[in-house]
Amino acid sequence: MLETLTRVPPDPILGVSAAFQKDDSPEKVDLGVGVYKDESGKTPIPRAVKRAEQEVLAAQQSKSYLSPIGNPGFNAQVAALTFGSDLVGRKGDLSLAQAPGGSGALRLGAELLIAARPGSSIHVSDPTWANHVPLLGNAGLRLEKYPYYDAAHNTLAFDRMIEYFDALPAGAIVLLHACCHNPTGQDLDASQWSAVAEVLARRRLIPFMDMAYHGLGEDLDRDATSIRLIAKAVPELLVAVSCSKNFGLYRERTGMLAVLSAGSEPASIVSGQLGRLARTLWSMPPDHGAAIVDRVLSQPELRQDWMTELRHMANRINSLRTLLADRLTEASQRDFSWIKTQRGMFSRLPLTADQVVTAREALHIYMAPDGRINIAGVSPANVEHVATGLAAVMRG
Ligand code: LMR
């Protein structure tokens, strides 16, 4: 039977890491998968996370099951971090379920939407994270694209996006990147988010927000502006939260789905549905990362230390943006200042698929096939090689 299966092509993002590992050139630079790297090129465990982990292990008396919706302390802490401590005044409308990473939360949300309305479409930004397509599509959602990025000018296609939303039928589902857009780094400002909230409410659309990089754009409050504005404007909202990047818990698969319903009665039905769906998908989520996040956020000293370190990560990424933009502009005699105004780990360089291959083969610079680079992979030590090399590749 299994001989009927065909070989799977490399994952567009994880395949870059696999190819990078095999390269033994001393010049190689990894600008592929979205993981934070520090000054020495390592992906650190934040100090507060390391300490909380030791404390959790020392205090743990049992590893018995929790429940399909996971660790309630973690869920409550992450909800407050995401929506603000007053939960935008909608505590009773909220259903929470821990999930294996942000990807698990996205999948759980997609399953909930399909259960509520089979055959639904979801409108995703053009472009979007490569894995959104199979992750949401395999749950049964049909994917359609809305205008988002003007690649010719490296700006947001804001007017075209609003026009698109304005023409959608009531009940259409729209996937939004809450901050640090993946793959472009092109975010909306607060007034643009207000305009999006207005059109979502007026057209009675259902927003599904992906919050994978909370705190890595500007800071924890400003990065959550999008979610808080929209949560105040619309009756129903889904938010998939990841703790992979901001807590450095990548392999611990720590995430949460939050759903706002139009009242406490539908919210209690949604809670039951989330438990049922989680039970059919993974039965119960892993607790280790969630217990650590709960501890970090509930202990004031750990929380403060984590916030300081997270702020340092965001500031460092933003200063690498300046370094790379200036060196690329100088080396290519073209304007790359737009890299400085984008946020989060990614920007997308104007490279063709062939030029991405040339960068890899001739320069040992690795990036996603669409020209997406992980800014955190740039460093003062490699920026010269990256900027002069890529400028030469772009000249052709
Ligand atoms: C990325 O976009 O590189 C990250 O979200 C990691 C992944 O799973 O693709």
Subject >> Verdict with supporting geometry, Ser191 and Asp189, side chain to side chain donor-acceptor pair (under 3.5 Å) >> reply: CA-CA 6 Å; Ser191 75; Asp189 64 27; 3.1 Å; yes
Original post:
Closest approach of Gly217 and Ala314, non-hydrogen atoms and distance?
Top reply: O-CB, 4.3 Å
Subject >> Close side-chain approach of Glu39 to Arg316, heavy-atom, < 4.5 Å >> reply: yes
Original post:
What's the verdict on salt bridge (Lys or Arg N to Asp or Glu O under 4.0 Å) for Asp223 and Arg343, showing C-alpha distance, side-chain angles and the deciding distance?
Top reply: CA-CA 10 Å; Asp223 288 357; Arg343 283 294 170 265; over 6 Å; no
Original post:
When you check the gap from the basic side-chain N to the acidic O, do Asp305 and Arg51 get nearer than 4.0 Å?
Top reply: no
Original post:
Just wondering, do Ile365 and His385 contact through their side chains at under 4.5 Å, heavy atoms?
Top reply: yes
Subject >> CD1 (Ile45) with more than 12 external heavy atoms under 6.0 Å >> reply: no
Subject >> Geometric cation-pi criterion, Lys28 with Phe20: 6.0 Å, 45° >> reply: yes
Original post:
Any side-chain heavy atom of Ser379 within less than 4.5 Å of one from Lys37?
Top reply: no
Original post:
Pro285 and Gly70: which non-hydrogen atoms are nearest, and at how many Å?
Top reply: CG-CA, 3.8 Å
Original post:
Once you round to the nearest 0.5 Å, how far does CG of Leu113 lie from CG of Leu108?
Top reply: 10.0 Å
**OP:** Please report the shortest heavy-atom distance between Ser332 and Arg395, naming the atom on each side.
**Re:** CA-NH1, 4.2 Å
**OP:** Measure the shortest side-chain to side-chain distance between Val296 and Gln77 over non-hydrogen atoms and say whether it is less than 4.5 angstrom.
**Re:** no
Subject >> Any Leu274 side-chain heavy atom under 4.5 Å of Val270 side chain >> reply: yes
Original post:
Is there a side-chain contact between Ile173 and Leu238 (heavy atoms, below 4.5 Å)?
Top reply: no
Subject >> Over all atoms of both residues, closest heavy-atom pair of Val234 and Arg90 >> reply: O-NH1, 2.7 Å
Subject >> Atom of Tyr250, atom of Met345 and distance for their closest heavy-atom approach >> reply: OH-CE, 4.3 Å
**OP:** Apply the test side-chain contact (heavy atoms from CB on, under 4.5 Å) to residues Ile13 and Arg372: give CA-CA distance (whole Å), side-chain angles for both, the deciding distance (0.1 Å), then the verdict.
**Re:** CA-CA 10 Å; Ile13 294 171; Arg372 187 195 81 167; 3.8 Å; yes
**OP:** May I ask you to say whether Arg228 pairs ionically with Asp221, meaning some side-chain N is under 4.0 Å from a carboxylate O?
**Re:** yes
Original post:
Looking at Arg160 and Glu163, does any basic side-chain N land under 4.0 Å from a carboxylate oxygen?
Top reply: no
Original post:
Angle class for the His177/His132 ring planes (parallel below 30°, perpendicular above 60°, tilted otherwise)?
Top reply: perpendicular
**OP:** Show the numbers, then the answer: is there a side chain to side chain donor-acceptor pair (under 3.5 Å) between Asp335 and Ser337?
**Re:** CA-CA 6 Å; Asp335 177 23; Ser337 59; 2.7 Å; yes
Subject >> pair Trp129-Leu106: side-chain heavy atoms closer than 4.5 Å >> reply: yes
**OP:** Output yes when a side-chain donor or acceptor of Tyr36 lies under 3.5 Å from a complementary backbone atom of Ile317, and no otherwise.
**Re:** no
**OP:** Would you indicate whether the side-chain heavy atoms of Ser347 and Phe336 approach each other to under 4.5 Å?
**Re:** no
**OP:** Tell me, yes or no, whether the heavy-atom count around Arg276 atom CZ, taken from other residues, nucleotides or ligands under 6.0 Å, exceeds 12.
**Re:** yes
Original post:
ring-ring contact (aromatic ring centres under 6.0 Å, His included) between His181 and Tyr149: does it pass, once the steps are laid out?
Top reply: CA-CA 10 Å; His181 184 266; Tyr149 191 60; 7.6 Å; no
Original post:
So, for Asn154 and Gln342, which heavy atoms are closest and what is the spacing to 0.1 Å?
Top reply: O-NE2, 4.2 Å
